[in-house]
Amino acid sequence: MADITISENEGDLQSQIEEVEALSAIYGDEWCVIDEASRIFCIKISSNLEEPKLTACLQIILPPDYPSAAPPIYQINAAWLRGLERMKLANSLEDLYVEHTGENILYLWVERIREFLVEKSQSTETVGQPEMVNVTTEEDVDDEDIPDLNTLKLNTENVHLFMDHDSDEEVPPVKHGDTITDRRSTFQPHLAPVVTPRQVKMVLDKLCENKKIASATHNIYAYRIYCEGKQSFLQDCEDDGETAAGGRLLHLLQILDVRNVMVVVSRWYGGILLGPDRFKHINNCARNILVQEGFTSSADDVTKSGGKSKKTKAKKSR
């Protein structure tokens, strides 16, 4: 039985590889690899390639048993897509999957979303619908608008947990990873083991003491803390002006199943827009330092295990 399962998984992986190669060839720059080891991809979809009225970003995770036994895990990012319209589109994608169970479905999904965008665009042209921008659109950044790390928001319902820490609680050790540079933009990851929300704030304060890090255009972060008593995770993220980057980073931590750790990725903007490539660099930085510090398997091990990784618990600070 185990041999059959392994054989099926190998067949699914080969099918995924062939499908991704085909989609990359069909859609070119619109297709983006977020994290190849974890099988995370996204594609920018427009209602019209020449004059896009509406755009959306389809983010996809391919589970190990896709397409034979499981559908892709997906998320549609579009600020204009809400309520009944979002439900209608989601239902149509699910219907397509049911009709083609066991088959590669991504091309049909992309084109169905494009049809939806065209229909929506045509229905709003008569009322002067302004152009919608999808979440992967990169904004110009002026030196005067560079945010300070001190302004990072801690998005949590338990705000009191982040207040002044106990005097005997130590600042967790912070590790700094290798930089990635692309078209004059530089990305650098930082990692620290954390077991309390207060330590998250302590790490941010510690990083802020470094003037270079504090002056970064964006300091994106995400963390996951495992609560033994509740058998659940306390987790959150921050974009720091890089729309959707924090959520993607947290998603990576979830996929790799890491715990008791926070990762901050600093980006210094170089004046040239990178488009979706910036998300790839942010996640690659994060994954590299997680592997380097022993919080997850190597990239090769993650690929072989279908995205599953070792759970490495950080030592608690006394």
Side-chain angles (χ1 to χ4, degrees), residues 1-47 55-78 81 84-120 134-136 247-248 251-257 276 279-280 283 287 296-297 299-310:
M1 185 66 68
D3 292 338
I4 294 175
T5 302
I6 292 173
S7 177
E8 288 177 348
N9 285 344
E10 289 177 350
D12 282 329
L13 180 58
Q14 183 59 36
S15 180
Q16 290 181 21
I17 291 172
E18 293 173 357
E19 183 177 23
V20 167
E21 288 177 350
L23 293 171
S24 179
I26 292 170
Y27 297 112
D29 292 341
E30 291 184 334
W31 179 261
C32 178
V33 178
I34 302 298
D35 191 307
E36 187 170 3
S38 299
R39 314 302 291 159
I40 306 176
F41 309 91
C42 73
I43 180 169
K44 176 183 176 182
I45 309 170
S46 303
S47 57
T55 62
C57 179
L58 175 66
Q59 184 173 327
I60 306 152
I61 302 175
L62 301 182
D65 50 354
Y66 166 81
S68 68
I73 301 168
Y74 75 93
Q75 177 175 316
I76 301 173
N77 296 316
L81 186 60
L84 292 177
E85 288 187 330
R86 179 177 287 275
M87 185 180 300
K88 177 183 175 182
L89 180 55
N91 288 339
S92 68
L93 297 184
E94 291 172 9
D95 290 342
L96 273 177
Y97 174 73
V98 172
E99 292 173 15
H100 300 272
T101 300
E103 303 174 14
N104 297 97
I105 195 71
L106 296 184
Y107 176 78
L108 294 177
W109 274 10
V110 171
E111 291 309 307
R112 179 64 192 93
I113 294 173
R114 194 184 306 280
E115 291 174 7
F116 186 88
L117 297 182
V118 171
E119 293 170 3
K120 175 68 175 176
N134 75 306
V135 297
T136 59
R248 291 166 186 259
H251 206 168
L252 176 67
L253 300 189
Q254 293 168 338
I255 291 296
L256 296 179
D257 196 22
F279 297 124
K280 176 180 67 177
N283 274 15
R287 184 160 56 86
T296 185
S297 310
D300 291 339
D301 291 339
V302 171
T303 303
K304 292 176 182 177
S305 63
K308 295 180 180 179
S309 63
K310 296 181 292 185

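Just the heavy atoms: all of them, side chains too, but no hydrogens, waters or symmetry mates, feed the values below.
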Least distance between heavy atoms, [X] atom then [Y] atom:
X: Glu19; Y: Ile105; value: OE2-N, 3.5 Å
X: Cys42; Y: Arg248; value: SG-NH1, 4.0 Å
X: Asn104; Y: Pro67; value: ND2-CG, 4.0 Å
X: Arg86; Y: Ala78; value: NH2-O, 3.7 Å
X: Ile17; Y: Arg39; value: N-NH2, 3.9 Å
X: Pro72; Y: Ile60; value: CB-CG2, 3.8 Å

Can you tell me how far the [atom1] atom of [X] sits from the [atom2] atom of [Y], to the nearest 0.5 Å?
X: Ile43; Y: Tyr107; atom1: CD1; atom2: OH; result: 10.0 Å
X: Leu89; Y: Glu94; atom1: CG; atom2: CD; result: 10.0 Å
X: Leu106; Y: Glu111; atom1: CG; atom2: CD; result: 12.0 Å
X: Ser38; Y: His251; atom1: OG; atom2: NE2; result: 9.5 Å
X: Cys57; Y: Ile113; atom1: SG; atom2: CD1; result: 9.5 Å
X: Ile34; Y: Gln59; atom1: CD1; atom2: CD; result: 6.0 Å

Practice problem: Report the residues that fulfil ring-ring contact (aromatic ring centres under 6.0 Å, His included) with Tyr74, sequence neighbours left out, ordered by chain and then residue number. | Solution: Trp109
Exercise. Just jot down the ring-ring contact (aromatic ring centres under 6.0 Å, His included) partners of Phe116, sequence neighbours excluded, or say none.
Key: none
Self-check item: Candidate pair Ile76 and Leu93, rule side chain to side chain contact (heavy atoms under 4.5 Å, CB included), full reasoning
Solution: CA-CA 11 Å; Ile76 301 173; Leu93 297 184; 4.0 Å; yes
Quiz prompt | Pair Arg112 + Glu115, salt bridge at N-O below 4.0 Å | solution = yes
Quiz item: Between Leu96 and Glu99, is a side chain to side chain contact (heavy atoms under 4.5 Å, CB included) present by the stated rule, with each step listed?
Solution: CA-CA 5 Å; Leu96 273 177; Glu99 292 173 15; 4.1 Å; yes
Quiz prompt | Distance-only donor-acceptor check, side chains Gln14 and Glu18, under 3.5 Å | solution = yes
Quiz item: Do side-chain atoms of Gln16 reach the backbone of Pro63 as a donor and acceptor pair under 3.5 angstrom?
Solution: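 Yes, because the side chain of Gln16 sits within donor-acceptor range (under 3.5 Å) of the backbone of Pro63.
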Self-check item: Side-chain donor/acceptor of Asp12 to backbone N/O of Ser68, under 3.5 Å
Solution: yes
Quiz prompt | Criterion side chain to side chain contact (heavy atoms under 4.5 Å, CB included) on Tyr27 and Ile45, from CA distance to verdict | solution = CA-CA 9 Å; Tyr27 297 112; Ile45 309 170; over 6 Å; no
Practice problem: Report, as yes or no, whether the 6.0 Å neighbourhood of atom CG on Asn91 holds more than 12 heavy atoms from other residues, nucleotides or ligands. | Solution: yes
